Protein chains: 2
Amino acid sequence: MAQGRKSKREHLVETAQQLFYREGIKGTGIDTVLEHAGVAKRTLYNHFKSKDELVIATLQHRDQEFMAMLKAGVKKYESKQTGEPIFARVLAYFDAIAEWTTSRQFSGCMFINASAEYPRQDHPVHVICAMHKRLVIQYIEELMAGIPLADPHELAVQFAVLTDGAIVNAHTTSNKNAAQVAKQIALSLLTMHAAGAPADHKQ
Amino acid sequence: MAQGRKSKREHLVETAQQLFYREGIKGTGIDTVLEHAGVAKRTLYNHFKSKDELVIATLQHRDQEFMAMLKAGVKKYESKQTGEPIFARVLAYFDAIAEWTTSRQFSGCMFINASAEYPRQDHPVHVICAMHKRLVIQYIEELMAGIPLADPHELAVQFAVLTDGAIVNAHTTSNKNAAQVAKQIALSLLTMHAAGAPADHKQ
DNA sequence: CAATGAGTACACCGATCAGTATACATTAAA
DNA sequence: TTTAATGTATACTGATCGGTGTACTCATTG
């Protein structure tokens, strides 16, 4: 098994990911990917039997990468939160989203973009996108583990809606504040629904 | 000026809009549009000098149609709201969004989808999408005209973020509840920020 | 009737698309 | 050293892309 520091397959996936993200999936031809990767066409088709397969591998790779980015962001911002300590992790999550949506290369959520390019709900790409979103909700629930809530899942869904809204709004209208808007709303919801959180007693 | 009940141009725009919405813009070829419209290729290129121009005309048409749909929805649901009457119009707006996102042909927001297909922020399509979103925010502000608020615009932006989130979430994860989730959050924010609304005095 | 403008039918263009075929080079393990 | 796997280079396929050229029909209008 000949392989450099990175396998050709991995290199192709990473190159394709960049291009798909910047130019869209249907806006990026196979030849463009090969050109940027410096890899022969035959090699690509030895690893993937079609462009669709490359697209799916790309989205799976992005899923891993994105979740890792989120977790790193939460770790980074968790300690910088003021106010109620049990809220720190969820609020840090929104800071992570904010950092991402205001970064220079930000171009929306790859999964939202992909499912916009493949609108049919039964298309594999669309299915993968739905799975990713479900994973994010699950992660948000984990972040709220320490908070006494009547229905943690429902609040996680609300936060997911807020997140998607912030991402899309930031992308379409170039609004650098969108994620902070979402964070503020999230904080309101937290204080509203957290029953008997210390230092938050009603009057 | 020969013209049937509808001008060829209008017919082309409406046909293209349907197809672009269902199959994506880059996923729909000119020939497909012509086939469905039953119009000669030359006719199309007499009205539009490129596909991009047709796309833009389509988005402008959709903007009109969408705003009309929103206004009709608000009128329809306004009287059916319970609780604080000055909130009725904004809450009806979310019901209109809910009706749309749960309708059979719903396939996301055409503008969000379009700007996902054309990720570059300076592309004309992206610019039109941003304009549309700004129009919606303006409309939301109008709906809140009767509510005493410290910063109506900020709340309108929050509602826009909620709306985008609901739309995207409904589309990507087939969540029929997304818009109702957004409405609930909106109601919370309204009661929280509406200063001195009757029957809403503190304590 | 003549002229004009709008639409049609259809052939055609070069470019690009995803994907294949073939022949050769490199590498590493047996 | 032989063998097999992996990758490269390049040419090619058939389909489709957006867009053009041309000759025609048809209805209106002066």
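A note on names: the letters A, B, ... follow the listed sequences, proteins ahead of strands, and every chain is numbered from 1. All values derive from a computational prediction rather than experimental measurement.
- As a whole-Å value, the separation of A:K51 NZ from D:dT16 C1' is 14 Å.
- Relative to the six-membered ring of A:Y139, A:K71 meets both conditions, a distance below 6.0 Å and an angle of at most 45° to the axis.
- Considering B:Y93, B:F94, B:F106 as possible partners of B:W100, the one that fulfils the ring pair (Phe, Tyr, Trp, His ring centres under 6.0 Å) test is B:F106.
- With salt bridges taken as basic N to acidic carboxylate O contacts below 4.0 Å, one links B:D31 and B:K41.
- Residue whose closest nucleotide on DNA chain C sits further toward the 5' end, between A:K49 and B:T43: B:T43.
- Rounded to whole angstrom, the span from the CZ atom of B:R9 across to the C1' atom of C:dA6 amounts to 15 Å.
- Salt-bridge formation is not detected for the pair A:E142/A:R89: no Lys NZ or Arg NE/NH1/NH2 atom is positioned less than 4.0 Å from an Asp or Glu carboxylate oxygen.
- Summarising the geometry, the separation between OH on A:Y45 and P on D:dT13 is reported as 17 Å, rounded to the nearest angstrom.
- Distances shorter than 4.0 Å separate none of the side-chain N or O atoms of B:H47 from OP1 or OP2 on C:dA6.
- Mapping A:T32 and A:R42 onto DNA chain C via the closest heavy atom, the residue that lands nearer the 5' end is A:T32.
- Atoms CG (A:L34) and C1' (C:dG19) sit 11 Å apart, rounded to a whole Å.
- Note: CG (A:D52) to P (C:dC17) measures 16 Å, nearest angstrom.
- B:T28 comes within 4.0 angstrom of sugar-phosphate atoms only, judged by non-hydrogen atoms across all strands, and of no base.
- Taking atom CD on A:E35 and atom P on C:dA18, their separation rounds to 13 Å, with Å as the unit.
- The distance from atom CG of A:L12 to atom C1' of D:dG7 is 11 Å, rounded to the nearest whole Å.
- The side chain of A:K8 places no N or O atom within less than 4.0 Å of a non-bridging phosphate oxygen (OP1 or OP2) of D:dG7.
- Residue A:A40 places its side chain closer to D:dT8 than to any other of C:dG19, D:dT8, C:dT8.
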(Q) ring pair (Phe, Tyr, Trp, His ring centres under 6.0 Å) for B:F111 and B:H132? Distances and angles first, verdict last. (A) CA-CA 8 Å; B:F111 299 92; B:H132 168 78; 3.8 Å; yes

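- Atom CG in B:D31 sits roughly 14 Å away from atom P in C:dC10 (whole-Å rounding).
- For the pair B:K41 and C:dC12, the criterion of a side-chain N or O lying under 4.0 Å from OP1 or OP2 is not met.
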